[in-house]
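The chain is numbered in sequence order, starting from 1. Order of appearance sets the numbers: ligands from 1, and atoms from 1 within every ligand.
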Amino acid sequence: MKSVLNDIEKIVGNNNVGENISLKNFTTFKVGGPCDIFVEPEDEESLVDVYRYLNDRGIRHIIMGNGSNFFVSDEGYRGVFLKIGRKLSNIEVKGNTILAQSGATNYSIGEEAIKSGLSGFECCAGIPGTIGGAVYMNAGAYGGEISDIIQSARVLYADSNEVEEVFKEDLKLSYRNSIFHNRKGIVLSAKLILEKKDSQSVKEYTRELMDRRRRKQPLEYPSGGSFFKRPEGYYAGKLIEDSGLKGFRVGDAQISEKHCGFVINRGNATSKDLLNLRAHVVNQVFKEFGVTLEMEVRSIGEYDE
Ligand SMILES: Cc1cc2nc3c(=O)[nH]c(=O)nc-3n(C[C@H](O)[C@H](O)[C@H](O)COP(=O)(O)OP(=O)(O)OC[C@H]3O[C@@H](n4cnc5c(N)ncnc54)[C@H](O)[C@@H]3O)c2cc1C
């Protein structure tokens, strides 16, 4: 790993890379051990170069936005974490189009949409991730999702050498899914098409949906949002509650009493607590309802799936 570290330093500069970095504070779940190398490129050119480098050499790596949809194993991750964050978060508004670099947060895009009187992003503004992560997950809430507003994304696929503009149809967006689950690639930026409206009404709707989150979701605890995907025809939270698992706890991992679809970290939850809790919940819900719950949150590291 020493030679990999040296090579990466040459690409991104030694201020933008570290060794043996704890991932706990880089995820909203606040769970996880260290990765071997953590790199946060400060411009698109070095991001592209380092991504090509990792793929060309077959070096194990994970792309990370805001870390709001995964937790890392207690033993950490043997490989490279490639963080796309504040340094790559430019947002440009032109007419009714927003062009956002992949590290731009949904919150900041929502604020730009308010300023510019653009409607359509209100449902996503409270999702605590980056637009890159939102495209990967086809994130959404309150009846809307990224697929409703995205026109295209600039992408570098791992199996290609070229940065290309990929249009919506080819991003294969469906419920919490995109082409990137089957074809490895990095989203560099996204182009969103919104609708002109008055700024005040966009602001009011955005704030209303944020308030709804605060009222219904256990935002006072670390979590990864909805822990399980919505099984067709059901709501995961309701199945869990009706299985008598409200407040069910393994170590410091707990089914939220406020919203059974959320698993929260009561302080010092470990990845083992989370996975043991998952196993119990999946078993119980299957016994009660014959429905198999699937995790929406990703677990990374020793427990790679
Ligand atoms: C309190 C809370 C509420 C939430 N509410 C919602 C909600 O209402 N709706 C919803 O859909 N989700 C919700 N989530 C889950 C999460 O915020 C979303 O899935 C979000 O889109 C993840 O973005 P991120 O930047 O944090 O991605 P990360 O968690 O960092 O990464 C998620 C996945 O995307 C990949 N990825 C990230 N960036 C890129 C990129 N640039 N190119 C390619 N791949 C990339 C990663 O490799 C990883 O597989 C919630 C989470 C929390 C903690």
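Which parts of ligand 1 touch Met137 is read off a 4.0 Å heavy-atom cut-off, strictly below it: atoms 19 (O). Using a 4.0 Å cut-off to heavy atoms of Gly129, the atoms of ligand 1 that qualify are 23 (O), 24 (P), 25 (O), 26 (O). Numbered from 1 in the order shown, with element, the atoms of ligand 1 that lie under 4.0 Å from a heavy atom of Ser102 read 41 (N). Those atoms of ligand 1 that come under 4.0 Å of a heavy atom in Arg176, given as number and element, are 11 (O). For ligand 1 and Ala134, the ligand atoms under 4.0 Å from any heavy atom of the residue are 21 (O). The contact set between ligand 1 and Asn66, taken as ligand atoms under 4.0 Å from a residue heavy atom, comprises 24 (P), 25 (O), 26 (O), 30 (O). Residue Ile186 approaches ligand 1 through these ligand atoms, each under 4.0 Å from one of its heavy atoms: 42 (N), 43 (C). Within the listing of ligand 1, atoms 8 (O) sit less than 4.0 angstrom from a heavy atom of Ala141.
Here the side chain of Arg176 pairs no donor or acceptor atom with the backbone of Arg230 at under 3.5 angstrom. No donor-acceptor pair closer than 3.5 Å links the side chain of Thr130 to the backbone N or O of Gly103. Looking at Asp74, its side chain does come within 3.5 Å of a backbone N or O of Ser271 through a donor-acceptor pair. With hydrogens and angles disregarded, a donor-acceptor distance shorter than 3.5 Å links the side chain of Ser68 to the backbone of Pro128. Side chain of His181 to main chain of Met137: no donor-acceptor pair is present (N/O by atom type, distance under 3.5 Å, no hydrogens or angles). Proximity of a side-chain donor or acceptor of Lys191 to a complementary backbone N or O of Thr97 within less than 3.5 Å is not detected.
Within the structure, ligand 1 has Arg213 among the residues with a heavy atom less than 4.0 angstrom away. In this structure, Phe70 is part of the shell of residues with a heavy atom less than 4.0 angstrom from ligand 1.
The option with the heavy atom closest to atom 18 (C) of ligand 1, from among Thr27, Ile127, Val135, Ile63, is Ile127. Here the shortest heavy-atom distance to atom 9 (N) of ligand 1, taken over Gly140, Gly185, Pro222, belongs to Gly140. Proximity annotation for atom 37 (C) of ligand 1: of Gly85, Gly144, Gly133, Ser223, Gly133 comes nearest, heavy atoms only. Heavy-atom proximity to atom 50 (C) of ligand 1, evaluated over Gly261, Gly67, Ser178, Gly225, is greatest for Gly225. Comparing heavy-atom distances from atom 2 (C) of ligand 1 across Gly132, Gly103, Pro128 singles out Pro128 as nearest.
When hydrogens are left out, the protein atom nearest atom 26 (O) of ligand 1 is Ser68 OG, 2.6 Å; that is the closest non-hydrogen contact. Protein heavy atom nearest atom 33 (C) of ligand 1, with residue, atom name and distance: Tyr136 CD2, 3.5 Å. Nearest protein heavy-atom contact of atom 49 (O) of ligand 1 is Arg298 NH1, 2.5 Å. At the shortest separation from atom 1 (C) of ligand 1 among protein heavy atoms lies Leu219 CD2, 3.5 Å.
Ring geometry for Tyr51 against His61 counts as perpendicular: the plane angle is over 60°, on a 0 to 90° scale with 30° as the lower cut.
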Step by step, work out the salt bridge (Lys or Arg N to Asp or Glu O under 4.0 Å) result for Lys272 and Glu75.
CA-CA 10 Å; Lys272 281 191 193 71; Glu75 284 73 26; 3.4 Å; yes

For side chain to side chain donor-acceptor pair (under 3.5 Å), just list the numbers for Ser46 and Asp49, CA-CA rounded to whole Å, side-chain angles, deciding distance to a tenth of an Å, and then say yes or no.
CA-CA 5 Å; Ser46 54; Asp49 287 348; over 6 Å; no

Just do the salt bridge (Lys or Arg N to Asp or Glu O under 4.0 Å) check on Glu288 and Lys238 with the steps written out, would you?
CA-CA 12 Å; Glu288 292 287 331; Lys238 173 130 179 49; over 6 Å; no

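At a threshold of 4.5 Å between non-hydrogen side-chain atoms, the residues Thr270 and Asn268 do not count as touching. Proximity of Phe262 to Tyr221: side-chain heavy atoms (C-beta onward) are nowhere separated by under 4.5 Å. In this structure, Leu5 and Glu9 have side chains that are in contact, with non-hydrogen atoms separated by less than 4.5 Å.
Glu111 and Lys115 are not joined by a salt bridge, as no carboxylate oxygen comes within less than 4.0 angstrom of a charged side-chain nitrogen.
Only side-chain heavy atoms of Ile84 come within less than 4.0 Å of ligand 1; its backbone N, CA, C and O stay farther off.
One distance of note links CD of Gln151 with CG of Leu99; it measures 10.0 Å at 0.5 Å rounding.
Geometrically, ligand 1 and Gly65 share a nitrogen or oxygen pair separated by less than 3.5 Å. The N/O atoms of Thr28, backbone and side chain alike, include none that comes under 3.5 Å of an N/O atom in ligand 1. Some N or O of Asn69 is nearer than 3.5 Å to an N or O of ligand 1, by distance alone. In terms of N/O distances under 3.5 Å, ligand 1 is approached by Val187. The shortest N or O to N or O distance between Asn106 and ligand 1 is not under 3.5 Å.
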